[in-house]
Structure formats: C-alpha cells, structure tokens
Amino acid sequence: MHAVATHQYQTLQVSVTENILTITLNRPHKKNAMNLEMMHELIKVATQVSMDKKLRAVIINGTENTFCAGIDLGDLNQPKNQAYAFWELIKPCQSLFQRVCLVWRDVPVPAISVLKGHCLGAGLQLALACDVRISHPDCKLSIMEAKWGLVPDMGLTQSALGVVRADVLKELAMSARIIDGECAKQLGLVSHCSNAPLEHAQILAAEFAERSPDAVLASKRVINAMYQQSAMTLYQEKMWQVKLMLGRNRKLALKKAKQSATTFVKRQFR
C-alpha cells in the first residue's frame, strides 16, 4: 500500500494503479482553481512521492474535464490570505506559489500533466513544471497574469526554459492571449495533442515504468541540469510581482477586465 494514496485530501483525489500515481485536482465548483489549501496539499503529495521508491510516474489531472482555471482570487483576496501571500512574496526563499509548481521538477519520477477544458495562469505554470504535457485539442491555455496587471510568478522563469522559445513566451505573457491545444502544440507549449489525453498519459507512464527507475531518474536530473537557472530569476518574479501589486496600473487592469474602455496611466517603472 502506498501511503500517499491513503491520506484524505480536501482539494485532491489521489490514487495509485500499478505504481503510477494519479492526482486529480478536485474543486469542480471553481474549475479546479488553486486556493492556498490546494497548494499546500500538492506540495504534501510531492513530498510523499519523493519518499516512495516504488512509484514510477505521476499523472496530474483535473476533475470535470478541466485542468485548472488559475488562482482562486476569491480565496486569495481574503485579508488574512492577502497578508500571507505578501509574506510569501517578500521572504528570501521560494514562495509557496513557486514551490507548488517547481516541486514537480524535483520529484524523482516523471510528472505528466493532462490538460483539458481550461489551463490558465497558475494552471499553465503548474503544467509547464511537469516533464510532459498532454493537451486535448480544444483545451484553452493562457499565461493569464497580464490581464490582471500582474506577472507570472510561479516559477515560469525556471519551468519554461528549454520548453518554449523566448519570443513565443514573451508574446503569450505580454498579451494574456488564450490559445487552444493545437496552437499550443505548434508553439511548443505542450508535448502532445490528443483527443484522449488521460489515456495517452497512462500509456506514456506505463512506458516509462518499463525502464529502470534509476535510469529514468538520471535522465530527468541531467536534462533538467541543462536548463538550470540562478535563483535570482525567482527573486525577480517575486520582486516584480510586489511592485505591480503596489503600482497604479494594477487596479486599472482589474477595472479594465470588466470595463474595456478603461485606460492605463503612463508606465510607472523602469
């Protein structure tokens, strides 16, 4: 019995079949948007995965035919949670928001994300931190943060390196454009496009499980080492997010999301 599958979670469904762990984001009433509880639970599962030497792969899925619609702003905007989030941004080490994504680069088994419905903002940053992304052609994907006057700050500077060309990443991040799975495949944002992405992921995980687990781990480690970034890039994510949150145009971005005629004031930062 795998200990990771015996624990009861508030925001996740977790099961193990033939030493392959499937994690299902389970907040269907919010399109699986991440709240703080889900972030803590995902990190807890990842810690257990690292300790369980029998596991051979991880599949991250979403319930109700959607992956993740981003951060749950209703949860994050509660005063207590706002204070907690601000502390996470100013503390010297990785923030909770960065760790919940980047932890999947660290687990000693392949991590595969299954993208359906919506994969927006935090959802896309979580997917990018996985080793392989398999998307349904109709899935809607976006680096959404610019729409809200923010910058991607969940480890994108680490997870997207070597996955997406810099010009493509800039265009998507600056525009907050929503694209479908087929376009994402053409741009290199996802690994595979499939009408049955979960089944595709299960076949791929089983293929990985046929190989030496140590060889699979070594492949993950040495290839990740090709694209290691300085921790300074994560600091830049957090620094810019704090500046934007305190800036004048952040409130205007929120207003513009509801009233398209809203105009921004001149650029505040250099």
key: Main-chain N/O of Val216 paired with Arg221 side-chain donor or acceptor, under 3.5 Å   = no
key: Evaluation steps, side chain to side chain contact (heavy atoms under 4.5 Å, CB included), between Trp87 and Leu96   = CA-CA 10 Å; Trp87 160 246; Leu96 171 70; over 6 Å; no
inquiry  = Atom NZ of residue position Lys91 - does it have more than 12 heavy atoms of other residues, nucleotides or ligands inside 6.0 Å?
reply    = yes
query = What distance do Glu18 atom CD and Gln202 atom CD have between them, rounded to the nearest 0.5 Å?
reply = 10.0 Å
query = Picking from Leu115, Leu128, Val132, what satisfies side-chain contact (heavy atoms from CB on, under 4.5 Å) with Val190?
reply = Leu115
query = Considering only heavy atoms from C-beta outward, does the side chain of Thr47 approach that of Val107 to under 4.5 Å?
reply = no
ask   = What distance separates Tyr9 OH from Leu25 CG, expressed to the nearest 0.5 Å?
value = 13.0 Å
request  = List the steps, then state whether side chain to side chain contact (heavy atoms under 4.5 Å, CB included) holds for Cys130 with Ile112.
outcome  = CA-CA 6 Å; Cys130 292; Ile112 306 168; over 6 Å; no
note = Here the gap from Asp153 atom CG to Met239 atom CE, rounded to the nearest 0.5 Å, amounts to 12.5 Å
request  = Using a 4.5 Å cut-off on heavy atoms from C-beta on, say whether the side chain of Leu217 contacts that of Val109.
outcome  = no
query = Would you say the side-chain atoms of Thr157 and Glu237 include a donor-acceptor pair closer than 3.5 Å?
reply = yes
ask   = When you measure from the side chain of Gln98 to the backbone N and O of Ser95, does any donor-acceptor pair fall under 3.5 Å?
value = yes
ask   = Hey, any chance Phe269 and Val151 share a hydrophobic cluster, counting ILVMFWY side chains that come within less than 4.5 Å of each other, even indirectly?
value = yes
ask   = Nearest heavy-atom pair of Val103 and Ala46: which atoms, and what distance?
value = CG2-CB, 3.4 Å
task = Examine distances only and state if a side-chain atom of Asn32 and a backbone atom of Arg27 form a donor-acceptor pair shorter than 3.5 Å.
result = yes
query = If two hydrophobic side chains count as joined below 4.5 Å and joins carry through other members, does Leu12 share a cluster with Leu55?
reply = yes
remark   = On a heavy-atom basis, the closest approach of Pro152 and Ile143 is CG-CG2, 3.4 Å
ask   = Can you name the nearest heavy-atom pair linking Leu161 to Tyr227, along with the distance?
value = CD2-O, 3.1 Å
Cluster link Val4 to Val100, ILVMFWY, side chain under 4.5 Å = yes
key: Flag if over 12 foreign heavy atoms under 6.0 Å of CD, Gln10   = no
request  = Check the pair Gln125 / Ser159 against side-chain hydrogen bond (donor to acceptor under 3.5 Å, both in side chains), numbers first and verdict last.
outcome  = CA-CA 8 Å; Gln125 291 187 78; Ser159 60; over 6 Å; no
message = I'd like to know whether Asn81 forms a side chain to side chain contact (heavy atoms under 4.5 Å, CB included) with Asn35, so could you lay out the CA-CA distance, the side-chain angles of the two residues, the decisive distance to 0.1 Å, and finally the verdict.
response = CA-CA 10 Å; Asn81 290 343; Asn35 62 356; over 6 Å; no
Salt-bridge criterion met for Lys54 and Asp52 (N-O under 4.0 Å) = no
ask   = Which distance, rounded to the nearest 0.5 Å, do you find between the SG of Cys68 and the CD1 of Ile71?
value = 7.5 Å
request  = Give a yes or no answer on whether the side chain of Thr17 reaches the backbone of Ile20 with a donor-acceptor pair at less than 3.5 Å.
outcome  = no
task = Apply ring-ring contact (aromatic ring centres under 6.0 Å, His included) to His192 and list each qualifying residue two or more places apart in sequence or on a separate chain.
result = His200
request  = Please say whether more than 12 non-hydrogen atoms of neighbouring residues, nucleotides or ligands are located less than 6.0 Å from NZ in Lys243.
outcome  = yes
request  = With the side chain counted from C-beta on, respond yes when Leu42 and Trp104 share a heavy-atom pair under 4.5 Å apart, and no when they do not.
outcome  = yes
query = Counting distance only, does the side-chain N/O of Thr24 pair as donor-acceptor with the main-chain N or O of Asn26 below 3.5 Å?
reply = no
request  = Evaluate salt bridge (Lys or Arg N to Asp or Glu O under 4.0 Å) for Glu88 paired with Lys238, printing each intermediate quantity in order.
outcome  = CA-CA 9 Å; Glu88 288 291 327; Lys238 298 201 298 179; over 6 Å; no
message = Closer than 3.5 angstrom, by distance alone: can the side chain of Thr66 be matched with the main-chain N or O of His118 as a donor-acceptor pair?
response = yes
message = Could you see if Ile60 belongs to whatever hydrophobic cluster contains Met39? Use Ile, Leu, Val, Met, Phe, Trp, Tyr and a side-chain cutoff under 4.5 Å.
response = yes
request  = Any chance you could lay out the side chain to side chain contact (heavy atoms under 4.5 Å, CB included) test for Leu36 and Phe97, step after step, and finish with the verdict?
outcome  = CA-CA 9 Å; Leu36 294 180; Phe97 308 101; 4.2 Å; yes
key: Between NZ on residue Lys116 and CZ on residue Phe67, distance to nearest 0.5 Å   = 10.5 Å
query = Under a single-linkage definition using a 4.5 Å side-chain heavy-atom cutoff for Ile, Leu, Val, Met, Phe, Trp and Tyr, are Leu234 and Val163 assigned to the same hydrophobic cluster?
reply = no
ask   = Does a sphere of radius 6.0 Å around OH in Tyr235 hold more than 12 heavy atoms from other residues, nucleotides or ligands, not counting ones at 6.0 Å or beyond?
value = no
Residue pair Leu89 / Met245: nearest heavy atoms and the distance that separates them = CD1-SD, 3.5 Å
query = Val14 versus Leu21: any side-chain heavy-atom pair under 4.5 Å?
reply = yes
ask   = Given Asp214 and Lys53, is the salt bridge (Lys or Arg N to Asp or Glu O under 4.0 Å) satisfied, shown in steps?
value = CA-CA 10 Å; Asp214 293 312; Lys53 294 185 178 181; over 6 Å; no
message = Could you check whether any side-chain heavy atom of Met154 comes within less than 4.5 Å of a side-chain heavy atom of Leu126, counting everything from C-beta outward?
response = no
Residue that, paired with Thr11, satisfies side-chain hydrogen bond (donor to acceptor under 3.5 Å, both in side chains) out of His40, Glu41, Glu37 = Glu41
request  = Compare all side-chain heavy atoms of Ile23 with those of Asn61 and state whether any distance is below 4.5 angstrom.
outcome  = no
task = Using salt bridge (charged side-chain N to carboxylate O under 4.0 Å, His left out) as the criterion, list what pairs up with Arg56, not counting sequence neighbours.
result = none
query = So, does Asn249 use its side chain to make a donor-acceptor pair with the main chain of Gly149 at under 3.5 Å?
reply = no
request  = Check for a donor-acceptor pair, side chain of Thr233 on one end and backbone N or O of Gln229 on the other, with a separation under 3.5 Å.
outcome  = no
ask   = Any sub-3.5 Å donor-acceptor pair from Arg177's side-chain atoms to Leu172's backbone N or O?
value = no
request  = Please report the closest heavy-atom contact between Ala176 and Met144, naming both atoms and the distance.
outcome  = CB-O, 3.9 Å
ask   = If you look at every heavy atom in Pro137 and Cys193, which pair is closest and at what distance?
value = CA-SG, 3.6 Å
inquiry  = Does Lys256, at its NZ atom, have more than 12 non-hydrogen atoms belonging to other residues, nucleotides or ligands within less than 6.0 Å?
reply    = yes
inquiry  = Does any part of the side chain of Arg105, heavy atoms only, come nearer than 4.5 Å to the side chain of Asn224, both counted from C-beta?
reply    = yes
key: Electrostatic pair Asp131-Lys220, nearest N-O below 4.0 angstrom   = yes
remark   = CG (Asp180) and CD1 (Ile178) are apart, to the nearest 0.5 Å, by 11.0 Å
